Amino acid sequence: MTTLAAPAPVADLLRRQRAYWASGATRSLDFRLERLKALRAAIVKYQADIIDAAKQDLGRPEFEGYIEVAAISELDYTMGHLRRWIKPRKASLPLSQRPGSAWVQPEPLGVMLIIGPWNYPFQLMVSPLMGAIAAGNCTILKPSELAPATSGVLAQLVKDTFDPAHVAVVEGGIDTAQALLAEKFDHIFFTGGERVGKIVMQAAAQHLTPVTLELGGKSPCIVDADVNLEVAARRIVWGKFLNAGQTCVAPDYLLVDERVRDSLVAALSQRIRACYGDNPATSPDLSRVVNDRQFDRLVGLLDQGNILVGGQHSRGDRYIAPTLIDGVGWDAPIMQEEIFGPILPILTYRDLGDAIAAVNQRPKPLALYLFTRDRQVQTQVLEQTTAGSVCINDVILQIAVWDMPFGGVGSSGMGSYHGQHSFDTFSHLKSVVKKPFWLDIDWRYPPYEGKLDRFRKFVGLPKD
Ligand code: NAD
């Protein structure tokens, strides 16, 4: 990657944040809690603007717009637990090192860079931001230029709420992101696609800056024969067509036991009609595709199989109907790339082992969904597959359990966040050992003669 010189305002902002961080101003618990409270108040104040911006950027229905401001629930969780997270964590000293004490002391890292995507353009900036503030850092946020209305509201909200020496938004596109990436940060938190994830990691390597990469991929949804089909269909349709399929953890494709394939397709079609009506183009509850480029890419995927339901589209308002498609092979382009739109391919399997093998032949997914009542099937799938996270008999909800890490594995990402995992991601967990003076056994010091047996015993080596 070409290293660009950062434009003067970015370099200046970074200098100010570094100085502010070094002053120690961000470190006290009171400061962190007060700033998180201010962020909460600002989200409440700006909620109508945030929801309206999501509507402008993505044609989001108001209801789904609230997902952006639902970040407040994680903020409350963070404020409720921060007093505990911030405390030193006691560690146990091996017998050989006693007397003494040991603990892990979380400390802030410094200046953070958070780069976000367009699909949940507010929520995916604010969620890592609260972790960065909670951990006592300064932060520069670079929202996606492809959701310009939200980027503008976020910039305004942050400007109104924070000293730019503590938290600031730098708006812009690829050039801006690259100018920021050319600078040295203490941690980079990136949410976006795999391709750009590699660019971010390469840039970070120049400064040996650690990265968290929250990427995407194809999240499979396995449907076994032993299910409540109607409930499964309700949940799948909701999770797939929410935000017009532009959700990183949306079920990307279905892998269905062939015995229930027909009844599941019938239940899914019925649910699509129940949710979006006979003509989803007129439904107030269906989002639009973000831009023409994504629209053209998605329309290109439509002729790769048999359309069972949907398939209608109109470029003028970037509308694509909720679509079920079958007759696609594993080699079809639609099965090679993350769909990230309202198109759901349906593949079948006869033997669960084959379905598992097919999933395992592909890159490790961000999420894996499994619908079944059968405990053995649950265990088999959990033990024989890997994924960033799993939800059994539902979709997407696993990412809103603040007590669990959210992140990918393999090409779906590295590192994790949410709740304490955010706090830890944005902290250095410093190990500390403290020894008293009153006992100082001689066996470890030279001259070593006659001391080896004792040393071997100490470290647990067997006698010759
Ligand atoms: P993207 O990778 O295209 O862009 C993300 C950010 O990177 C934007 O802010 C953009 O300005 C910047 N960027 C783009 N090109 C760049 C370049 N060459 N150099 C430096 N910065 C650059 O992603 P997107 O299209 O905005 O988002 C969609 C992707 O994000 C999907 O793959 C989706 O699965 C993934 N995603 C993952 C999560 C998660 O939490 N794991 C959440 C949402 C989206």
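Both counts, for ligands and for their atoms, begin at 1 and track the order of listing. Keep in mind it's a predicted model, so treat the numbers as computed, not measured. What's counted below: heavy atoms across the whole structure, side chains too, no hydrogens, waters or symmetry copies.
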Answer yes or no: does an N/O atom from G193 fall short of 3.5 Å to an N/O atom of ligand 1? yes
Whether D224 and R373 form a salt bridge (side-chain N of Lys/Arg under 4.0 Å from carboxylate O of Asp/Glu) is what I want to check. no
Ligand 1 contact by G413, heavy-atom criterion under 4.0 angstrom: no
Check ligand 1 against S144 and write out every atom of the ligand that is under 4.0 Å from a heavy-atom position of the residue. 9 (O)
Shortest heavy-atom approach to atom 29 (C) of ligand 1 - which of G192, G216, S151, G197: G192
For the 3.5 Å polar cut-off, considering only N or O atoms, please tell me whether K142 and ligand 1 meet it. yes
Proximity winner for atom 14 (C) of ligand 1, if only heavy atoms of L181, T247, V196 are counted: V196
Considering both backbone and side-chain atoms of W118, is one of its nitrogen or oxygen atoms within less than 3.5 Å of a nitrogen or oxygen in ligand 1? yes
Under the criterion ring-ring contact (aromatic ring centres under 6.0 Å, His included), which of F426, F190, F189, W402 is the partner of Y417? F189
Looking at ligand 1, does any of its N/O atoms fall within less than 3.5 Å of an N/O of G173? no
Going by the side chain to side chain donor-acceptor pair (under 3.5 Å) test, which pairs reach into residues 378-392, not counting sequence neighbours? S389-Q398
The answer for which part of N119 has a heavy atom under 4.0 Å from ligand 1 is side chain
Using distance alone, decide if ligand 1 has a nitrogen or oxygen within less than 3.5 Å of any nitrogen or oxygen in G116. yes
Decide, yes or no, whether a salt bridge links E68 with R60 under the criterion of side-chain N to carboxylate O below 4.0 Å. yes
Any carboxylate oxygen within less than 4.0 angstrom of a Lys/Arg side-chain nitrogen, looking at D163 and R35? no
Is there a nitrogen or oxygen of E338 sitting under 3.5 Å from a nitrogen or oxygen of ligand 1? yes
Considering only protein heavy atoms, determine whether one is less than 4.0 Å from atom 4 (O) of ligand 1. no
Do side-chain atoms of K142 reach the backbone of I114 as a donor and acceptor pair under 3.5 angstrom? no
